[in-house]
Amino acid sequence: HSAKAALWKSAIIPGWGQVYNKQAWKVGIIYGGAAAVTYFAIDNYRNAQKFKTEYINRSNGNTSDLLPEYSRYPDQNIYNLYQAYEKNFQLSIIAGVAVYALNLIDAYVYGHLFYFEIKEDLSMLVTPSVTPTFNSFASGLTMKINF
């Protein structure tokens, strides 16, 4: 089993590395995140273009192509809406890159941990302790790990 193989498989087809690592349940999360990011990117892009066109038509005095549902909005509000949707579109693209990067990181890390075993006798004991010092006592915690 190779972590590099898991990384390359996820780079080619997102989720393939998770299937290779025997964690196929994560594929739904990856594609759900990608679908959500895609939906918001498309929606924000369309709205940005709509308000950009509306603002350009208003600036050029082209009243025949104005959208009637925004006739009561001032020009500055139309421009602000355009900027807001444009910013959200850019954030959607960044979120898409983040989903893809997390897919790669997850495949690579779990590729390294594929043979990692947690034994049944793994335990930790935390107890209070008191240690004498020169003229007083120091209190603390002692931690003992068994593996």
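Reckoned from all heavy atoms, side chains included, excluding hydrogens, waters and symmetry mates.
By the neighbour-count criterion of 12 heavy atoms within 6.0 Å, atom CZ of Phe114 is densely surrounded, having more than that number from other residues, nucleotides or ligands.
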When the side chains of residues 23-37 are checked against the rest of the protein, which donor-acceptor pairs come out under 3.5 Å, sequence neighbours left out?
residue: Gln23; atom: OE1; partner: Lys26; partner atom: NZ; Å: 3.0
residue: Lys26; atom: NZ; partner: Asp106; partner atom: OD1; Å: 2.8
residue: Lys26; atom: NZ; partner: Asp106; partner atom: OD2; Å: 3.4
residue: Tyr31; atom: OH; partner: Pro14; partner atom: O; Å: 2.6

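Taking CG of Asn21 as the start and CH2 of Trp16 as the end, the distance is 12.5 Å to the nearest 0.5 Å. Rounding to the nearest 0.5 Å gives a distance of 9.5 Å between CG of Asn103 and CD1 of Ile105. Atom CD1 of Ile93 sits about 12.0 Å away from atom CG of Asn88, to the nearest 0.5 Å. Atom NZ of Lys144 and atom CE of Met124 lie 13.5 Å apart (nearest 0.5 Å). To the nearest 0.5 angstrom, Tyr79 atom OH is 8.0 Å from Gln76 atom CD. Interatomic distance, Leu91 CG to Glu86 CD, rounded to the nearest 0.5 Å: 10.5 Å.
Taking the six-membered ring where tryptophan is involved, the planes of Tyr115 and His1 are perpendicular, since the angle between them exceeds 60° and thus also 30°.
Looking only at side-chain heavy atoms (C-beta outward), Tyr45 and Phe89 come within less than 4.5 Å of each other. Within the 4.5 Å cutoff, no side-chain heavy atoms of Val126 are placed close to those of Thr142. For the pair Tyr73/Leu81, a side-chain contact is recorded, criterion being any heavy-atom separation below 4.5 Å from C-beta on.
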Start with the C-alpha gap between Tyr70 and Lys50, add the side-chain angles, then the distance that decides, and say whether side chain to side chain donor-acceptor pair (under 3.5 Å) holds. CA-CA 11 Å; Tyr70 302 110; Lys50 176 175 67 173; 3.1 Å; yes
For Leu141 and Thr127: C-alpha separation, side-chain torsions, deciding distance, then whether side chain to side chain contact (heavy atoms under 4.5 Å, CB included) applies. CA-CA 6 Å; Leu141 295 174; Thr127 57; over 6 Å; no
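Both Phe51 and Leu67 are members of a single hydrophobic cluster when ILVMFWY side chains are connected at heavy-atom separations under 4.5 Å. Side-chain heavy atoms closer than 4.5 Å link hydrophobic residues (I, L, V, M, F, W, Y) into clusters, and following such links, even through other members, never connects Leu104 to Val19.
Ion pairing of Arg58 with Glu54 is present here, as a side-chain N (NZ or NE/NH1/NH2) and a carboxylate O approach within less than 4.0 Å.
The two residues Ser10 and Ala107 come nearest to each other via the heavy atoms OG-CB, 3.4 Å.
Every residue two or more places apart in sequence or in another chain that forms a ring-ring contact (aromatic ring centres under 6.0 Å, His included) with His112 is listed here: Tyr108.
A distance-only check finds a donor-acceptor pair linking the side chain of Asn44 to the backbone of Phe40 [under 3.5 Å]. Side chain of Tyr20 to main chain of Ser2: a donor-acceptor pair is present (N/O by atom type, distance under 3.5 Å, no hydrogens or angles).
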